[in-house]
Amino acid sequence: MVRFLHTADWQIGKPYARVVDPDHRARLKQVRIAVIQRMALLVQRQQLDFVLVAGDLFDSPAPARSEVAQALSAIGQIPAPVLVIPGNHDHGGPGSLWHQGWFQELSADVAPNLQILLERQPVSLCGAVVLPCPLMRQTAVEDPLSWLTQLDTSELPDGPRIVLAHGSVQSFAALDSQEASSNQLSLEQLPQGLCDYIALGDWHGLKQVSANAWYCGCPEQDRFPRTADYASSQVLLVELERGCSPAVSIEPTGALQWHHITMRLQGDADLELLERQVQQHLGQRSGEDLLLLELDGQLSLTGAARLEAWLTSLSSRLLRLKHRQRVRTLPSDAELAPLLDRPGDPLFARVVSSLKEQSLQQDNAEESRLAVLALRELQLLASQEI
């Protein structure tokens, strides 16, 4: 029996371009290094034989040297061999990182346990046989698994066999367009009994494809889920014997928490409910959470201003606040009454009355939005009058 860690899609150097705050971007990038240290502790605690990284260790074929150095130093602390194949982000084509002399020298110095598998040939390790399917370009011309259909298995040593591949066994476009891949893997074409476990990378969520084929997902989640069953922030611990079904256990590794909250606001009173719900997710934490907030419904002028102020305050506690708002602002009669009842200023009242009608427009959302903004300005102006 061999016991190993299956992981993939570390995406070291991911830029997080949509995160505005540079300090938050730096924090998000740093946690992707820190998770390697947690994997090292897991390997040590479980006394595992080796680690398999199924592609996309880095986010590009030419990552920054400083990020490469940090990643290699962390890998060097893993007390077991670490075998890596290139994926579509960090493919193994000419000029890519893996061929650079400085990378090879640095790896030998700080991560002698690291082995980059650039060739499609069996690798014997700790009594197991690893069958690597590296991507040598971003988009493979042929199925990366195709070489295995011609493999002479009679020459393979005894022991469990593991296919290590990066790509899609189906189109994930319907689940997450950012995950779609053109590197299609035809698992059904593999010869019967060829392998005991198929370690897959590319899909950033946990997914069991068959009895012996798994996507492990990211060790540190990197996006908001788009489906209810999406799971990330884990690695897989696999126990394997030749000719037997693998024993797979899920080991959580992520440090950050990603939340998705959807709510319909029926009025200003629902803002308290929203605030309580968010507080239940965040607790006392700051700088450790990311939130996707999807809101619709309606609020008064006062409620809309309160929501805007609360969101500004909330964003300071989050590494990222992604906000999708379809909340309609409808001025209440109580809010408009002091603006309309101005016998000394009939022009002001007529403007407010006209804006009120425009704010109720159902067939022109932009006109309605601008009218609401104007009413909020007039309300503020009126409140400042002496």
Side-chain angles (χ1 to χ4, degrees), residues 2-15 26-87 89-92 95-119 123-130 132 134-135 162 164 166 199 201 216-222 233-238 251-256:
V2 294
R3 302 173 71 245
F4 62 92
L5 206 65
H6 169 202
T7 179
D9 299 290
W10 295 5
Q11 309 287 153
I12 303 298
K14 185 178 177 72
R27 164 74 171 145
L28 288 165
K29 295 173 76 170
Q30 194 59 43
V31 296
R32 308 197 76 76
I33 300 293
V35 74
I36 306 175
Q37 299 164 346
R38 290 193 292 277
M39 284 189 277
L41 294 175
L42 176 60
V43 171
Q44 181 180 39
R45 185 170 65 249
Q46 294 288 341
Q47 306 222 328
L48 301 182
D49 295 308
F50 51 87
V51 175
L52 297 181
V53 183
D56 284 357
L57 190 155
F58 293 102
D59 193 58
S60 80
R65 291 197 182 196
S66 60
E67 292 168 333
V68 172
Q70 290 182 66
L72 290 180
S73 293
I75 290 171
Q77 299 303 309
I78 297 176
V82 178
L83 277 63
V84 177
I85 60 169
H89 279 265
D90 58 2
H91 63 80
S96 63
L97 171 70
W98 318 114
H99 301 282
Q100 302 297 317
W102 68 267
F103 170 81
Q104 295 166 357
E105 292 176 6
L106 182 60
S107 178
D109 287 342
V110 303
N113 58 329
L114 176 64
Q115 186 174 354
I116 309 300
L117 306 180
L118 297 176
E119 297 183 7
V123 175
S124 296
L125 179 70
C126 302
V129 179
V130 178
L135 290 181
I162 307 161
L164 184 61
H166 188 91
C216 57
C218 299
E220 185 69 63
Q221 188 167 334
D222 67 346
S233 292
Q234 70 279 310
V235 296
L236 298 179
L237 195 161
V238 184
E251 298 287 341
T253 51
L256 303 181

task = Rounded to the nearest 0.5 Å, what's the gap from NE2 on His91 to CG on Leu97? Could you check?
result = 11.0 Å
query = Can you check whether Trp10 reaches Leu57 side chain to side chain, under 4.5 Å on heavy atoms?
reply = yes
inquiry  = Are Thr7 and Met39 packed together at the side-chain level, in the sense that at least one heavy-atom pair is separated by less than 4.5 angstrom?
reply    = yes
query = Does Leu125 reach the side chain of Pro81, with side-chain heavy atoms less than 4.5 Å apart?
reply = yes
message = Quick check: closest heavy atoms across Val31 and Arg38, and the distance to 0.1 Å?
response = O-NH2, 4.4 Å
inquiry  = To the closest 0.5 Å, what do you measure between CD (Glu105) and CD (Gln100)?
reply    = 11.0 Å
note = dist Leu41:CG -> Ile36:CD1 (nearest 0.5 Å) comes out at 12.5 Å
task = With sequence neighbours excluded, give me every side-chain hydrogen bond (donor to acceptor under 3.5 Å, both in side chains) pair touching residues 46-55.
result = Arg3-Gln46
task = Step through the shown structure and confirm whether more than 12 heavy atoms of other residues, nucleotides or ligands are within 6.0 Å of CD on Gln104.
result = yes
query = Donor-acceptor pair, Trp98 side chain versus Phe103 backbone, under 3.5 Å?
reply = no
message = Which heavy atom of Pro134 sits nearest to which heavy atom of Leu117, and what is that distance?
response = CB-O, 3.3 Å
ask   = Do you know the tightest heavy-atom contact between Val235 and Pro219?
value = CG1-CB, 4.1 Å
Single hit among Val53, Asp222, Asp56 for side chain to side chain contact (heavy atoms under 4.5 Å, CB included) with Asp9 = Asp56
request  = Taking Asp90 for its side chain and Ser60 for its backbone only, find out whether a donor-acceptor pair lies under 3.5 Å.
outcome  = no
Rounded distance (nearest 0.5 Å) linking atom OG of Ser73 with atom CG of Asp109 = 10.0 Å
message = Suppose we screen for side chain to side chain contact (heavy atoms under 4.5 Å, CB included). Which residues come up paired with Ala128, at least two apart in sequence or across chains?
response = Val2, Phe50, Pro160, Ile162
message = Can you list everything that forms a side chain to side chain donor-acceptor pair (under 3.5 Å) with Gln44? Sequence neighbours excluded, please.
response = none
task = For residues Leu52 and Leu164, report the shortest heavy-atom separation together with the two atoms involved.
result = CB-CD1, 4.0 Å
query = Taking side chain as C-beta onward, heavy atoms only, is Leu118 less than 4.5 Å from His99?
reply = yes
task = Output yes when a side-chain donor or acceptor of Asn113 lies under 3.5 Å from a complementary backbone atom of Ala80, and no otherwise.
result = yes
query = Do Leu72 and Ser107 have side-chain heavy atoms sitting under 4.5 Å apart?
reply = yes
request  = Would you please test Arg32 and Glu67 for side chain to side chain contact (heavy atoms under 4.5 Å, CB included) and show each step?
outcome  = CA-CA 10 Å; Arg32 308 197 76 76; Glu67 292 168 333; over 6 Å; no
Minimal non-hydrogen separation, Ala40 against Gln77, with atom names = CB-O, 3.8 Å
query = Got Glu220 and Leu28 here, is their nearest side-chain heavy-atom distance under 4.5 Å?
reply = no
remark   = Smallest heavy-atom separation, His89 atom then Asp59 atom, equals ND1-O, 3.0 Å
